[in-house]
Amino acid sequence: MNVIFASDHNAEPQDWIVPLQRELPDVRIVNWDDNGPAVDAQLAVVWNPPETLFMRETRLKGVFNLGAGVDALLRLPGLRADLPIVRLEDAGMGVQMAEYVAHALLRASRGFEQYQTLQQQREWAPLPDIQRAQWPVGVMGTGLMGARVAQTLAALEYPVAGWSRRGKDMPGVQRFASPAELPAFLARTRVLVNTLPLTPETRGILCRDTLQQLLPDAYIINVGRGEHLVEDDLLGMMASGHIKGATLDVFAQEPLPSDHPFWAHPGITVTPHVAAASLRDETISQIAAKIRGFLKGEALTGMVSRDLGY
Ligand code: NAP
Ligand code: GLV
């Protein structure tokens, strides 16, 4: 059986194919070459594959996504509606996401940027003690990423709430569910963390209408997808002072164009889509286990709902 590997990760394809092949000795793993002959594969292991793959490989029985988000994959016009898609579940991403968000929150709430400036001025000037009650955090999406973030920040004793479609009960985290509870969730939130998947329902959810419902001096941490955020609305609300700062890992256009206003904005921190990477060893062992299960006809977790888009 042939399995296509098609990934635009930074690494050399062979760095992934060799260990994946070792885990799956009974299949033949072929690196996808858009200009080469069709492979007649039954399975594909992908990250941001070219759309031609699904137009040319018409006998695929399953696709395994080397990341959590499937928005780019689901956009490909050649992707058959009946093709099962299995996505990566955590595999070491949740803890990275928690670190990233905790870092952004602590930098703001503990005044680390101000201390950096004070150091440059050789000034010994303690800032007022932290009042956690002044830093209520709201996490949008309480799936594998959001739940880990919310629980980590709750363990640091910040007031934390989580909002999602169905809602999730977690110790120390206030639960909000469904569009009906979004206004109440926003109204108690100062630091808004977005870990939602990009779907038709969530595209543009971080817009003027939602951002203006946050508490004053708000902060935005976007680690979901760039298209969740209406960029001009964020810039406008930072100019008006309602939003004080933003830490952004994902952008509508990636790489972020060199003339984009986010680069030089004093209140915005930009990182190049690195909040939570697909770690090679964890990813390969999880995807290999999912492929073995799929071939045995077992029920798998991480099946993507084509109706919901995640
Ligand atoms: P997940 O486990 O599927 O969780 C998705 C969460 O979003 C669930 O809680 C879901 O609600 C909620 N949700 C989906 N649609 C919603 C809607 N319309 N309204 C309210 N809540 C909604 O996904 P995950 O593994 O946590 O990953 C989430 C996203 O993080 C990915 O899709 C990707 O875009 C992003 N990500 C980014 C990076 C990075 O490096 N920046 C790395 C990994 C992932 P229910 O619980 O009710 O289903
Ligand atoms: C990364 O952005 C992912 O979705 O895994």
Side-chain angles (χ1 to χ4, degrees), residues 7-10 45-49 64-75 85-101 103-104 138-152 161-170 173 175-186 192-206 210 220-229 247-252 254-256 269-280 282-283 286-287 300-310:
S7 164
D8 78 347
H9 270 126
N10 287 333
V45 175
V46 302
W47 180 247
N48 291 333
F64 295 79
N65 193 50
L66 291 167
V70 290
D71 45 291
L73 185 58
L74 296 185
R75 256 184 221 155
I85 297 172
V86 187
R87 61 126 184 161
L88 193 65
E89 296 176 283
D90 194 332
M93 286 187 288
V95 65
Q96 296 174 70
M97 203 59 110
E99 284 171 342
Y100 182 101
V101 174
H103 175 263
V139 182
M140 303 178 94
T142 54
L144 292 165
M145 299 301 116
R148 185 70 186 250
V149 168
Q151 284 165 323
T152 300
W163 173 78
S164 61
R165 217 164 42 81
R166 294 170 292 184
K168 186 177 183 113
D169 289 319
M170 291 177 276
V173 178
R175 175 186 184 275
F176 292 86
S178 80
E181 293 185 6
L182 183 58
F185 165 82
L186 295 169
L192 185 66
V193 182
N194 174 41
T195 72
L196 289 167
L198 183 66
T199 69
E201 283 73 41
T202 64
R203 186 181 308 277
I205 195 167
L206 304 176
T210 48
I220 308 300
I221 302 173
N222 188 18
V223 288
R225 284 291 183 263
E227 287 163 67
H228 285 127
L229 175 69
T247 298
L248 308 175
D249 184 52
V250 286
F251 304 90
E254 295 181 6
L256 188 65
T269 298
V270 168
T271 54
H273 199 144
V274 290
S278 298
L279 304 173
R280 189 190 65 176
E282 287 87 335
T283 301
Q286 186 182 112
I287 293 292
L300 299 183
T301 61
M303 297 298 302
V304 172
S305 157
R306 299 295 281 272
D307 291 337
L308 294 172
Y310 69 98

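Because the structure is predicted, anything quoted here is derived from the model rather than measured. When reading the values below, keep in mind they use all heavy atoms of this one structure, side chains included, and skip hydrogens, waters and symmetry mates. Counting starts at 1 for both ligands and their atoms, in listed order.
Within ligand 1, counting atoms from 1 as listed, the ones closer than 4.0 Å to a heavy atom of His273 are 39 (C), 40 (O), 41 (N). Using a 4.0 Å cut-off to heavy atoms of Gly67, the atoms of ligand 2 that qualify are 5 (O). Of all atoms in ligand 1, listed by their number and element, those nearer than 4.0 Å to a heavy atom of Gly224 are 34 (O), 35 (C), 37 (C). Near Gly69, with a cut-off below 4.0 Å to any heavy atom, the atoms of ligand 2 are 3 (C), 4 (O), 5 (O). Close approach of ligand 1 to Met145 is summarised as follows: ligand atoms under 4.0 Å from at least one heavy atom of the residue are 24 (P), 25 (O), 26 (O), 27 (O). Close contacts of ligand 1 with Arg225, meaning ligand atoms under 4.0 Å from a residue heavy atom, involve 33 (C), 34 (O), 35 (C), 36 (N), 37 (C). Within the listing of ligand 1, atoms 28 (C), 29 (C), 30 (O) sit less than 4.0 angstrom from a heavy atom of Thr195. For ligand 1 and Ala276, the ligand atoms under 4.0 Å from any heavy atom of the residue are 39 (C), 40 (O), 42 (C). Per-residue contacts place Trp47 under 4.0 angstrom from the following atoms of ligand 2 (heavy atoms of the residue considered): 1 (C), 3 (C), 4 (O), 5 (O). Of all the atoms in ligand 1, the ones that sit under 4.0 Å from a non-hydrogen atom of Trp163 are 19 (N), 20 (C). Those atoms of ligand 2 that come under 4.0 Å of a heavy atom in Met93, given as number and element, are 5 (O). When each atom of ligand 2 is checked for a heavy atom of His273 under 4.0 Å away, the hits are 1 (C), 2 (O). Applying the 4.0 Å criterion to heavy atoms of Ser164 picks out, from ligand 1, the atoms 9 (O), 11 (O), 20 (C), 21 (N). Every atom of ligand 2 with a heavy atom of Arg225 under 4.0 Å away is listed here by number and element: 1 (C), 2 (O), 3 (C), 4 (O).
Not one N or O of Gly167 is nearer than 3.5 Å to an N or O of ligand 1, by distance alone. For ligand 1, the polar-atom distance check against Arg87 finds a nitrogen or oxygen pair separated by under 3.5 Å. For a threshold of 3.5 Å applied to N or O pairs, the pair formed by Glu201 and ligand 1 contains no separation below that value. An N or O contact shorter than 3.5 Å is missing between Gly141 and ligand 1 by distance. Checked against a 3.5 angstrom limit, the closest N/O atoms of Gly143 and ligand 1 fall inside it.
In this structure, the separation between CG on Leu66 and CG on Leu73 is 10.5 Å, given to the nearest 0.5 Å. Expressed to the nearest 0.5 Å, how far CD1 of Ile205 lies from CG of Leu198 amounts to 10.5 Å. Here the CE atom belonging to Met93 is positioned 6.5 Å from the OG1 atom belonging to Thr283, to the nearest 0.5 angstrom. If you take NE2 on His228 and CG on Leu196, they are separated by 5.0 Å, rounding to the nearest 0.5 Å. Interatomic distance, His103 NE2 to Thr247 OG1, rounded to the nearest 0.5 Å: 8.5 Å. To the nearest 0.5 Å, atom OG1 of residue Thr199 and atom CZ of residue Arg225 are 12.0 Å apart.
Put simply, the side chain of Val223 does not reach to within 4.5 Å of the side chain of Val250, judged on heavy atoms. Put simply, the side chain of Trp47 reaches to within 4.5 Å of the side chain of Asn65, judged on heavy atoms. Between Leu74 and Ile85 the shortest side-chain heavy-atom distance falls below 4.5 Å.
Given atom 17 (C) of ligand 1, the protein heavy atom at minimum distance is Thr202 CG2, 3.8 Å. In this structure, the protein non-hydrogen atom closest to atom 47 (O) of ligand 1 is Arg166 N, 2.8 Å. Closest to atom 20 (C) of ligand 1, if we only count protein heavy atoms, is Arg165 N, 3.2 Å. Residue, atom and distance of the protein heavy atom nearest to atom 12 (C) of ligand 1 are Leu196 CD2, 3.9 Å. The protein non-hydrogen atom at the shortest distance from atom 7 (O) of ligand 1 is Pro197 CD, 3.2 Å. Nearest to atom 5 (O) of ligand 2 among the protein's heavy atoms is Ala68 N, 2.7 Å. In terms of protein heavy atoms, atom 44 (C) of ligand 1 is closest to Ala68 CB, 3.7 Å. For atom 10 (C) of ligand 1, the closest heavy atom belonging to the protein is Tyr310 OH, 3.6 Å.
Judged by distance alone, with hydrogens and angles left aside, the side-chain atoms of Gln96 form a donor-acceptor pair with the main-chain N or O of Ala277 at under 3.5 Å. The backbone N or O of Ala177 sits less than 3.5 Å from a side-chain atom of Glu181, completing a donor-acceptor pair. Between the side chain of Trp163 and the backbone N or O of Ser178 there is at least one donor-acceptor pair closer than 3.5 Å. Formation of a donor-acceptor pair under 3.5 Å by the Asn48 side chain with backbone atoms of Asp8 is not found in this model. Side-chain N or O atoms of Ser305 include one that pairs as donor or acceptor with a backbone N or O of Leu308 at under 3.5 Å.
Using a 4.0 Å cut-off between heavy atoms, Leu144 contacts ligand 1 through both its backbone and its side chain. Using a 4.0 Å cut-off between heavy atoms, Met93 contacts ligand 1 through its side chain alone, with no backbone atom that close. Under 4.0 angstrom from ligand 1, the non-hydrogen atoms of Met97 all belong to its side chain. Under 4.0 angstrom from ligand 1, the non-hydrogen atoms of Val250 all belong to its side chain.
The closest approach between a heavy atom of Thr199 and any atom of ligand 1 is not below 4.0 Å.
Among residue pairs with one or both ends in residues 85-95, those qualifying as side-chain hydrogen bond (donor to acceptor under 3.5 Å, both in side chains) are Glu89-Lys290, Glu89-Thr301; sequence neighbours excluded.
Between Met140 and the choices Thr195, Val193, Leu206, the side chain to side chain contact (heavy atoms under 4.5 Å, CB included) rule is met once, by Leu206.
The heavy atom nearest to atom 36 (N) of ligand 1, considering only Asp249, Asn194, Val223, Val274, is found in Val223.
Checked by atom type, the side-chain pair Thr202/Tyr310 shows no donor-acceptor distance below 3.5 Å.
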